[in-house]
**Student:** 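This is the structure I have questions about; it appears just below.
Note: hydrogens, waters and symmetry copies are ignored here, and every other heavy atom, side chains too, is used. All chains are named by letter (A, B, ...) in the order of the sequence lines, taking the proteins before the strands, and each is independently numbered beginning at 1.
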Amino acid sequence: MGGTAEEPFRPNRGDKVLFFLGGSILAMEERYDFQEIEQKWQKVWEQSAIYGVKTDPAKPKYYCLEMFPYPSGQLHMGHVRNYSIGDVVARFKTMEGFNVLHPMGWDAFGLPAENAAIKHGVPPAQWTTENIANMRSQLKAMGLSYDWEREIASCYPDYYKWTQWLFLQLYKANLAYKKKANVNWCPSCATVLANEQVVDGACERCDSVVEKKALEQWFFRITNYAQRLLDDLDNLPGWPDKVKTMQENWIGRSEGAEMDFALPETMGGFDKIRVYTTRQDTIFGVTYLVLAPEHPLVEELLKNNEREDEIRAFISKVLNLSEIDRTSTETEKEGIFTGHYCLNPMTGEQVAIWIGNYVLVDYGTGAVMGVPAHDQRDFEFANKYNLPIRVVIQPEGIADLKAEDMDHAYVDKGTLVNSDAFNGMPNEDALGAIATELEKLGKGSRKINFRLRDWLISRQRYWGTPIPIIHCSTCGEVPVPDEQLPVILPDDVEFKPSGESPLRSRLDFLNCQCPQCGGEAQRETDTMDTFVCSSWYFLRYCSPKNEHEAFAAEDVDYWMNVDQYIGGVEHAILHLLYARFFTKVFYDLKLVAVDEPFKNLLTQGMVLMDGAKMSKSKGNVVSPEEIISRYGADTARLFILFAAPPERDLEWSDRGVEGAHRFLHRVWRLVQAYQPSLRQVTTLMLQPADINLSELNKDDKELLRQINYTVKKVTEDVGQRFNFNTAVSAIMELVNAMYIYKEKVPAEQQNLALIKDGIGKLILILAPFAPHICEELWQIVGGKGYVYQQSWPSYNEKALVRDEVEIVVQVNGKVRDRLSVANGLDADTLKAQVLENERVQSFIDGKNVVKVIAVPNKLVNIVVK
RNA sequence: GCGAGUGUGGCGGAACAGGCAGACGCAACGGACUUAAAAUCCGUCGCCCCAAAAGGGCGUAUCGGUUCGACUCCGAUCACUCGCACCA
């Protein structure tokens, strides 16, 4: 405190400042001390538990969910963006009157914890718990409206007990099985990976080149759901097309036929080779057949084969290729003739059997027919090895396509030739006709194939949910009985540098009794992929503390599905596909009533710095903690929401952050300036201001219009379009308008009821973006209760109407003048008025007016020649 | 190769049921206040022509089309980003 009006003083930071309005001292202005304000309200909110929600069928619900983070220990800007977006939505929906579920938790199993243990000797459980504590306090410093009572962590036994239980439900429904398969092995992570975790032949986590290994592994039968996962994308209008397309591609449905090429004699139980094709219309153009090197028939073909050594050399060369080289389109197609033949099912003709490096054993049947004239790969292969090329589709309009004239395969539509009974048929019809004929002959059938493979869920690692299966030498595979769940992950384990799971050497974990025969048995030591944990966490949030069930029907039936899900697009396939799969399984098992988990999906863009993703290796990381301590959470949130629309990548700008901070200061000073006079009018804030439109002067009317327009704009931008950036700019414009009013209109003429209305609404609509400062201001202006618990303000349509509107006058489409005319002036009067205008006259003088277009309240365009 | 998306000032971005291009913010420049600075406030701010103003011309990746009128719709092209990719 210091000084009086008679003794002016110079303020220092932290001092209270005298404020003058209308010539007299009205107030002592408080400095915007964001640190004090933010800490104060975070504490108050927590103590009064205003973010806690309950299942309440009497109220309309809204489930707002952000993807839960992996507890790395440090919040990054991507998190800040994700959770700021979610918080605006949650706060807005709450103020709109919904019972909003807005939970947070931890995707807490995974390799980094284990690596930390190996490297630093810290047990994964401890490492994870400490990281969670750290990140939780960082999240709390952001002032997010989470119901922390619902916090979950996938690594706690009260959570993974139910992950195990759900695994067993899948197991009992024959959707979980163990099989030996050629699987993706990451040598650096020392574990297998799901197909979805292999990116360009490398481990998505550590970038090591993935190897193939034949191992006994656990799978979920997600392929059983391929068609539904594909079809139901159509029921998700609230998802971005981009994500739906990516899932569509991943599922990769193709329609074709399987057909059998008979072997002249039975070989080791094989009497035919089954191929899969989508081009059965080209069956008469087959000139050879190619097997994958791993095809089971290959061994048989090698018996008594005089070129066995040569062929084996070729096969081992292919098998030694890395996954990247093996599947690259760049790798040249190579093959070797086996010396054997099979028979074309339609013609009975002999077809040479080859082995090729480009045929994949795990797609289709591991064997393909070669039609060089109509498939580019086959064309190249045939040219390399001088195999015959036979044209069976004639392009329309081209007289006579000849094999010897071709420099590439003809893959488009046309008319069948050299195809017996099918000659002259359009190939699109032949697809069906030939499939039907094959079915009639018993040599083939229509077949739909998916690119999607079963989900490999076992991991040879320690820090994950133990798979609740017991291996008994007499009973075989035995599920752990429900009453023995959870299978506890021992936390005092020893890590070996080899990377071998410590569970294998923990005999007290490994050895157990068979639940069926009581004999000695061993536990499964593999743990589950962490994507299993995250495939159902949104359900657990509905009943987070339930000790008897994974989730209670009354809770999930009320809260599900998630109304708005928000997260990074990097999960477009993995997590989002798995979560959809789980939900459909639970729906079929009657555990939930919905068959899609997420009604609306928002995929937020990345946070960039100098055009590149922030990363430690690039050294372009901005720490949220630092930003929050320097400018406050409100500033950080406001900037990140203002700088770009949510789906787009956001370029970080320190200057931009300062701009956001300046704006909050500006709001602060505005409210401070009016605060004392508002209290003089009334201490009871915000009953909808009784403002009589007809009594207002021009300035008042314009301000009233701006207030109502801003409420409308923000309501729509936040509620319907998620355009937070334009919502913020609209609020900025309102603040600018209020400053202009304050400067322009003499103090004694200012309409305090109107200002009260404007400031109250300003605080309420800014609150979802910057909750702390708004809570403080709300208190300062005498608002009752918490901002969060107020109703979202409404706007008055009548106040939006202008008396006069500016219209644009164009001559031949070029803007020549602007006129102010009465709102709603009809087209004809408008035309007449404009044509009389002097300036317009000068433009049309001496010319022929061909046409006049008048759009009321918008423009007049005069066309002259 | 296939599929999806993006392209607007010095920068982030507005505006698309077709109707004032550049809202809002950042940066920059000029001014006020100050002993000075910071903060704050007031102006200017797409490019070009004209000494300046008045005025005019050109401008939303490129080329073309539809229209009285196109950033917006249609066709082609280019660039970048993302996804899938020897899937038969």
Side-chain angles (χ1 to χ4, degrees), chain A residues 10-11 13 199-200 240-254 256 275-280 282 290 292 326-333 356-360 362-371 374-378 380-381 449-453 569-570 572-573 605-606 608 611 638-639 642-645 647-660 662-663 665-666 669 723 725-736 739 743 806-818 850-855 857-864:
Chain A
R10 192 162 299 126
R13 276 180 70 83
V199 178
D200 292 332
D241 289 339
K242 180 191 163 91
V243 174
K244 288 191 276 189
T245 307
M246 282 166 72
Q247 292 212 353
E248 230 173 272
N249 286 342
W250 190 261
I251 295 167
R253 181 184 199 270
S254 70
V275 304
Y276 175 71
T277 181
T278 55
R279 289 300 302 272
Q280 60 271 23
T282 63
V290 194
R326 180 80 194 275
T327 55
S328 164
T329 45
E330 307 298 314
T331 308
E332 200 186 354
K333 286 148 198 57
N357 64 348
Y358 67 97
V359 179
L360 305 174
D362 50 2
Y363 183 79
T365 59
V368 299
M369 62 189 209
V371 186
H374 304 294
D375 181 287
Q376 187 57 26
R377 286 162 309 191
D378 296 348
E380 288 165 23
F381 193 81
N449 252 330
F450 294 94
R451 217 187 61 97
L452 182 74
R453 311 294 156 80
V569 75
E570 66 272 17
I573 294 171
M606 289 187 294
L608 308 177
L638 190 72
F639 166 73
F642 173 63
E647 332 76 55
R648 220 183 295 181
D649 287 349
L650 180 151
E651 177 70 29
W652 184 264
S653 157
D654 288 335
R655 297 288 205 168
V657 177
E658 284 171 28
R662 265 200 294 272
F663 169 70
H665 260 111
R666 215 165 133 74
R669 288 194 308 270
N723 282 0
N725 55 329
T726 52
V728 173
S729 54
I731 298 172
M732 287 173 168
E733 284 176 278
L734 174 61
V735 171
N736 291 346
Y739 267 101
E743 299 304 319
E806 192 176 68
I807 60 143
V808 166
V809 182
Q810 296 181 331
V811 177
N812 286 346
K814 285 188 175 149
V815 179
R816 295 302 183 183
D817 204 3
R818 299 186 168 99
V850 182
K851 199 174 180 183
V852 180
I853 291 112
V855 183
N857 286 355
K858 282 219 171 113
L859 91 169
V860 175
N861 188 11
I862 303 163
V863 187
V864 295

**Student:** Not counting sequence neighbours, which residues clear side chain to side chain contact (heavy atoms under 4.5 Å, CB included) with A/Lys814? List them please.
**Tutor:** A/Arg816
**Student:** Grab the CD-P distance between A/Glu647 and B/A4 for me, whole Å please.
**Tutor:**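 So the two atoms are 19 Å apart, to the nearest Å.
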**Student:** Going by side-chain hydrogen bond (donor to acceptor under 3.5 Å, both in side chains), name the residues that satisfy it together with A/Glu658, two or more places apart in sequence or in a different chain.
**Tutor:** A/Tyr631
**Student:** Kindly express the pairing pattern of RNA chain B in dot-bracket notation, using | wherever a base pairs with another strand and counting only Watson-Crick or G-U pairs under 3.5 Å.
**Tutor:** (((((((..(((......[....))).(((((.......))))).((((.....))))..(((((..]....))))))))))))....
**Student:** Going by the rule side chain to side chain contact (heavy atoms under 4.5 Å, CB included), which residues pair with A/Ser254 if we only count those two or more places apart in sequence or in a different chain?
**Tutor:**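 Per chain and number, A/Ser254 pairs via side chain to side chain contact (heavy atoms under 4.5 Å, CB included) with A/Tyr276, A/Thr278, A/Tyr363, A/Asn449.
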**Student:** With the 90 degree cut-off around zero defining syn, does B/G9 come out syn or anti?
**Tutor:**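 Base orientation relative to the sugar is syn.
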**Student:** Look at A/Asp362 together with A/Arg453 and state whether they make a salt bridge at an N to O cut-off of under 4.0 Å.
**Tutor:**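 A salt bridge is present here (some side-chain N lies under 4.0 Å from a carboxylate O).
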**Student:** Assign a letter to each nucleotide of nucleotides 15-28 of chain B from its 5' end: B, base within under 4.0 Å of a protein heavy atom; S, sugar-phosphate only; -, no contact.
**Tutor:** S---BBS-BBSSS-
**Student:** List for me each residue that meets side chain to side chain contact (heavy atoms under 4.5 Å, CB included) alongside A/Leu859, sequence neighbours excluded, and say none if there are none.
**Tutor:** A/Val808, A/Gln810, A/Val855
**Student:** List every contact pair, protein side and nucleotides 58-60 of chain B side both N or O, where the distance is under 3.5 Å.
**Tutor:**
none

**Student:** In chain order, what residues pass the side-chain hydrogen bond (donor to acceptor under 3.5 Å, both in side chains) check against A/Asp649, with sequence neighbours excluded?
**Tutor:**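 Once residues adjacent in sequence are excluded, A/Asp649 has no partner under the side-chain hydrogen bond (donor to acceptor under 3.5 Å, both in side chains) criterion.
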**Student:** Applying side chain to side chain contact (heavy atoms under 4.5 Å, CB included), name anything that partners A/Ala660, two or more places apart in sequence or on another chain.
**Tutor:** A/Thr635, A/Leu638, A/Phe639
**Student:** Among all residues two or more places apart in sequence or in another chain, which pass the side-chain hydrogen bond (donor to acceptor under 3.5 Å, both in side chains) test with A/Thr726?
**Tutor:** A/Asp717
**Student:** Reading nucleotides 81-88 of chain B from the 5' end, what letters show protein touch, with B for base, S for backbone sugar-phosphate only, - for no heavy atom under 4.0 Å?
**Tutor:** -SBSSBBB
**Student:** Checking A/Asn249 against A/Arg451: is there a side-chain donor and acceptor pair closer than 3.5 Å?
**Tutor:** no
**Student:** Using the test side-chain hydrogen bond (donor to acceptor under 3.5 Å, both in side chains), find all partners of A/Glu743 that sit at least two apart in sequence or belong to another chain.
**Tutor:**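 With sequence neighbours excluded, A/Glu743 shows a side-chain hydrogen bond (donor to acceptor under 3.5 Å, both in side chains) to no residue whatsoever.
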